[in-house]
Amino acid sequence: MLYSEKVMDHFRNPRNVGEIENADGVGQVGNAKCGDIMRITLKIDNGVVSDAKFTTFGCGSAIATSSMATEMIKGKPVEEALELSNQAVVEALDGLPAHKLHCSVLAEEAVKAAVKDYYDKNHIAYDPKLFCGLDCESCHAHD
């Protein structure tokens, strides 16, 4: 079978679909190669992700990874949500086909972009290297 039961479940019954109004953090990323676009919105209370929602334009794997990523960060401190890796999303879904791994990378990047937006809006200092994959020109990690 190409897709695990968990992937199919999160595709058929995605969790946390939608947009949080007046979100504390918004992250939108896309992959021009495959056409997938992910948008994750966060509600953050006292440094904890109290709610996370997503809207995704893309394939079943993109929807499943978005759904799983939002499930994995809800209730977590912002710093812990920031540590979410694409590998953790793939493992939580019991795997993805190799040609769909980029979807898990998009999910990780969308979460990071939303956290970065939250930090920026609230003037919270951070190490720019944490977000290097999102905006490499400004992080100077490769100087």
Side-chain angles (χ1 to χ4, degrees), residues 1-139 141:
M1 178 174 59
L2 194 57
Y3 295 103
S4 72
E5 280 301 314
K6 282 189 182 176
V7 171
M8 294 307 295
D9 181 40
H10 277 268
F11 167 63
R12 290 185 182 123
N13 307 293
R15 284 68 152 178
N16 310 309
V17 175
E19 181 115 357
I20 296 171
E21 282 193 43
N22 303 312
D24 296 309
V26 178
Q28 183 168 314
V29 296
N31 183 323
K33 206 181 250 187
C34 66
D36 293 331
I37 298 170
M38 269 181 211
R39 181 177 172 91
I40 290 183
T41 54
L42 304 176
K43 186 70 178 162
I44 299 170
D45 295 306
N46 298 317
V48 174
V49 178
S50 60
D51 199 7
K53 295 199 179 294
F54 79 91
T55 51
T56 293
F57 177 80
C59 65
S61 294
I63 292 166
T65 57
S66 300
S67 174
M68 181 57 83
T70 57
E71 284 287 278
M72 292 175 75
I73 64 171
K74 281 173 69 172
K76 303 277 196 251
V78 174
E79 296 78 16
E80 204 172 312
L82 188 55
E83 294 172 3
L84 179 75
S85 69
N86 71 300
Q87 294 93 343
V89 173
V90 170
E91 287 172 16
L93 288 168
D94 293 337
L96 280 174
H99 68 283
K100 292 296 182 177
L101 290 175
H102 67 275
C103 295
S104 65
V105 173
L106 281 179
E108 175 187 336
E109 290 176 348
V111 169
K112 283 186 176 176
V115 170
K116 182 179 185 303
D117 182 55
Y118 166 72
Y119 284 169
D120 288 343
K121 284 178 179 173
N122 291 280
H123 310 290
I124 297 171
Y126 57 82
D127 180 352
K129 291 177 185 172
L130 290 172
F131 304 102
C132 186
L134 300 174
D135 184 14
C136 214
E137 293 78 39
S138 67
C139 80

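All values below come from the heavy atoms of this structure, side chains included, with hydrogens, waters and symmetry mates left out.
Going from atom OG of Ser4 over to atom CG of Leu96 covers 7.0 Å, rounded to the nearest 0.5 Å. Distance CE/Met8 to CG/Asn13: 10.0 Å, rounded to 0.5 Å. Within the model, atoms CD1 of Ile124 and NZ of Lys116 stand 12.5 Å from one another, a figure rounded to the nearest 0.5 Å.
Taking a 6.0 Å sphere around CZ of Phe57, one finds it holds 12 or fewer heavy atoms contributed by other residues, nucleotides or ligands.
Asn122 contributes a side-chain N or O that, together with a main-chain N or O of Tyr118, makes up a donor-acceptor pair within less than 3.5 Å. Using a distance-only test at 3.5 Å, with no hydrogens or angles considered, a donor-acceptor pair links the side chain of Thr65 to the main chain of Cys103. Side chain of Glu108 to backbone of Asn86: a donor-acceptor contact under 3.5 angstrom is found. Arg39 contributes no side-chain N or O that, together with a main-chain N or O of Ile37, makes up a donor-acceptor pair within less than 3.5 Å.
Scanning all heavy atoms of the two residues, the minimum distance from Phe131 to Lys112 falls at CE2-O, 3.3 Å. In terms of heavy-atom proximity, Asp36 sits nearest to Cys59 at OD1-N, 3.3 Å. Here the shortest heavy-atom pairing between Ser66 and Thr56 reads OG-OG1, 2.7 Å. When all heavy atoms are compared, the tightest approach of Phe54 to Ile63 is CZ-O, 3.9 Å. Listed here is the closest heavy atom pair of Tyr3 and Lys100: OH-CE, 3.7 Å. A pairwise comparison of heavy atoms in Ser67 and Arg15 identifies OG-N, 2.9 Å as the closest pair.
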Please report the C-alpha distance between Glu83 and Lys76 in whole Å, then the side-chain angles of each, then the deciding distance to 0.1 Å, and finally whether the side-chain contact (heavy atoms from CB on, under 4.5 Å) criterion is met.
CA-CA 10 Å; Glu83 294 172 3; Lys76 303 277 196 251; over 6 Å; no

As a quick check of understanding, evaluate side-chain contact (heavy atoms from CB on, under 4.5 Å) for Leu93 and His10, giving each step before the final call.
CA-CA 8 Å; Leu93 288 168; His10 277 268; 4.0 Å; yes

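The only option from Asn16, Leu82, Leu84, Val115 that meets the side-chain contact (heavy atoms from CB on, under 4.5 Å) definition with Ile73 turns out to be Leu84.
Between Asp51 and Lys74, at least one side-chain N (NZ, or NE/NH1/NH2) sits under 4.0 Å from a carboxylate O, which counts as a salt bridge.
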Show me, pair by pair, the donor-acceptor contacts under 3.5 angstrom made by side chains of residues 40-48, not counting sequence neighbours?
from	atom 1	to	atom 2	distance (Å)
Thr41	OG1	Ile20	N	3.0
Asp45	OD2	Ser50	OG	2.7

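Under the side-chain hydrogen bond (donor to acceptor under 3.5 Å, both in side chains) criterion, Asp94 pairs with no residue at all, not counting sequence neighbours.
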